[in-house]
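We number each residue from 1, following the sequence as shown.
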Amino acid sequence: AALNSLGYMYSIGFGVPKDDTEAIRLWSLAAERGNALAAFNLGVTHQSGEGVPQDHALAAKWYRLAADRGHPGALTNLGYLHDEGLGVPRDEVEALRLYRLGAEGGDSWGQHNLGAAYRLGLGVAKDPGEAARWFQLAAGQGHSGAMVNLAMMHSRGEGVPKNLPLAHDLLRDAADRGDIQAMRGLGQLHATGKGVQKDPDQAAKWYRLAAEKGNADAQFQMGVFCMRGKGVPKDAREAAGWFRVAAEQGQADAQRILG
């Protein structure tokens, strides 16, 4: 545990100079001595390519070692590699098995991914109620993506009672955590007045936040708001700018407006 902790300190430069090479050396020593968290950290490092060349096969090796020692996050991340065929053969059945193990072990990403599988019917029969149950568990741990999915389900009464105010609160919580889809969703709720009072100023605020972070649909909406002077001053030039950046990302409505 001490080697893993020291490795983490070197990885972020906490109390020591930041040194990715030393962090990896310490984590490798700890992992070889059976430390699951150190093996997981090595998996994350090789998957992200932070401080080392990106190597999904090596990431899978370390995740597998951590997973064999019961690390829930390693189970989920190894599932993701199988889902995408990164460094390991693509195998959706194995991915789902690993997501379930990670979710049952308490990993919020595993819970989110398992919820998504049940919502979309990926590898399992569609089951909105089961999807909502897993999203709820992940959301309870602060997983913003799960909050957004759960909000969408509550807004439609999909597997859960229809509850627009709760959908708004979930989106607001996720947006406050930096989730871009949640920001776009809040813009839409305030623009339409679903579950909240219709408020063009609030709609524009949330659409702008999402747009500035690169969300193409929010960029299109900002173009519309600027063109109509809705929630923002009327500004044809700014509207054209938003339509242009949205169109460059393939947003069909923006492309149609620009011709």
>> I'd like to know if Asp201 pairs up with Lys205 as an ion pair, taking the criterion as any Lys NZ or Arg NE/NH1/NH2 lying under 4.0 Å from an Asp or Glu carboxylate oxygen.
In response: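 Not counted as a salt bridge, because no side-chain N and carboxylate O are separated by less than 4.0 Å.
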> Do the charged groups of Asp68 and Arg64 touch, with an N to O distance under 4.0 Å?
Replying inline: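 No, this pair does not count.
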Flag side-chain contact, heavy atom, 4.5 Å: [X] against [Y]:
X	Y	answer
Trp27	Leu3	no
Phe135	Arg119	yes
His56	Glu84	no
Trp109	Tyr99	no
Lys230	Val224	no
Trp134	Asn113	no
Leu170	Val148	no
Gln111	His143	no

> Taking atom CD of Glu50 as the centre, does the number of heavy atoms from other residues, nucleotides or ligands within less than 6.0 Å exceed 12?
Replying inline: no
> Counting only heavy atoms not in Arg177, do more than 12 sit closer than 6.0 Å to its CZ atom?
Replying inline: yes
Would [X] and [Y] show up in the same hydrophobic cluster when neighbours are defined by side-chain heavy atoms closer than 4.5 Å?
X	Y	value
Leu26	Met9	yes
Trp62	Tyr10	yes
Leu98	Leu81	yes
Ile12	Val16	yes
Phe40	Leu65	no

Heavy-atom closest pair, residues [X] and [Y]:
X	Y	result
Gly115	Ala131	O-CB, 3.3 Å
Ala31	Ala38	N-CB, 3.8 Å
Gly195	Leu164	CA-CB, 3.4 Å
Asn4	Leu37	ND2-CD2, 3.3 Å
Asp107	Gly73	OD1-CA, 3.5 Å
Ala175	Leu186	CB-CD1, 3.6 Å

Using a 3.5 Å distance criterion without hydrogens, assess whether the side chain of [X] forms a donor-acceptor pair with backbone atoms of [Y].
X	Y	result
Gln54	Gly49	no
Lys18	Ser11	yes
Gln221	Ala203	no

Side-chain donor-acceptor distances from residues 240-259 under 3.5 Å, at least two apart:
{"unit_1": "Trp242", "atom_1": "NE1", "unit_2": "Glu238", "atom_2": "OE2", "d": "3.1"}
{"unit_1": "Gln249", "atom_1": "NE2", "unit_2": "Gly214", "atom_2": "O", "d": "2.8"}
{"unit_1": "Gln249", "atom_1": "NE2", "unit_2": "Gln219", "atom_2": "OE1", "d": "2.9"}
{"unit_1": "Gln251", "atom_1": "OE1", "unit_2": "Asp253", "atom_2": "N", "d": "3.0"}
{"unit_1": "Gln251", "atom_1": "OE1", "unit_2": "Ala254", "atom_2": "N", "d": "2.9"}
{"unit_1": "Gln251", "atom_1": "NE2", "unit_2": "Asp217", "atom_2": "OD1", "d": "3.0"}
{"unit_1": "Asp253", "atom_1": "OD1", "unit_2": "Arg256", "atom_2": "NH2", "d": "2.2"}
{"unit_1": "Gln255", "atom_1": "NE2", "unit_2": "Ala247", "atom_2": "O", "d": "3.1"}

>> Leu96 vs Leu122, test: side chain to side chain contact (heavy atoms under 4.5 Å, CB included). Steps then yes/no.
In response: CA-CA 9 Å; Leu96 187 63; Leu122 300 175; over 6 Å; no
Taking atom [atom1] of [X] and atom [atom2] of [Y], what is their separation to the nearest 0.5 Å?
X	Y	atom1	atom2	value
Cys226	Arg237	SG	CZ	13.0 Å
Met147	Gln136	CE	CD	9.5 Å
Arg184	Asp179	CZ	CG	10.5 Å
Glu158	Leu150	CD	CG	10.0 Å
Arg172	Met183	CZ	CE	10.0 Å
Lys194	Gln188	NZ	CD	7.0 Å

> Have Gln47 and Tyr63 got a donor and an acceptor in their side chains that come within less than 3.5 Å?
Replying inline: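 Yes, a side-chain donor-acceptor pair sits under 3.5 Å.
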>> What verdict does the side chain to side chain contact (heavy atoms under 4.5 Å, CB included) test give for Asp83 and Glu92, after you've listed the backbone C-alpha separation in whole Å, the side-chain angles of each residue and the deciding distance to 0.1 Å?
In response: CA-CA 5 Å; Asp83 215 354; Glu92 293 177 358; 4.0 Å; yes
>> For Leu78 and His82: C-alpha separation, side-chain torsions, deciding distance, then whether side chain to side chain contact (heavy atoms under 4.5 Å, CB included) applies.
In response: CA-CA 6 Å; Leu78 186 57; His82 276 290; 4.1 Å; yes
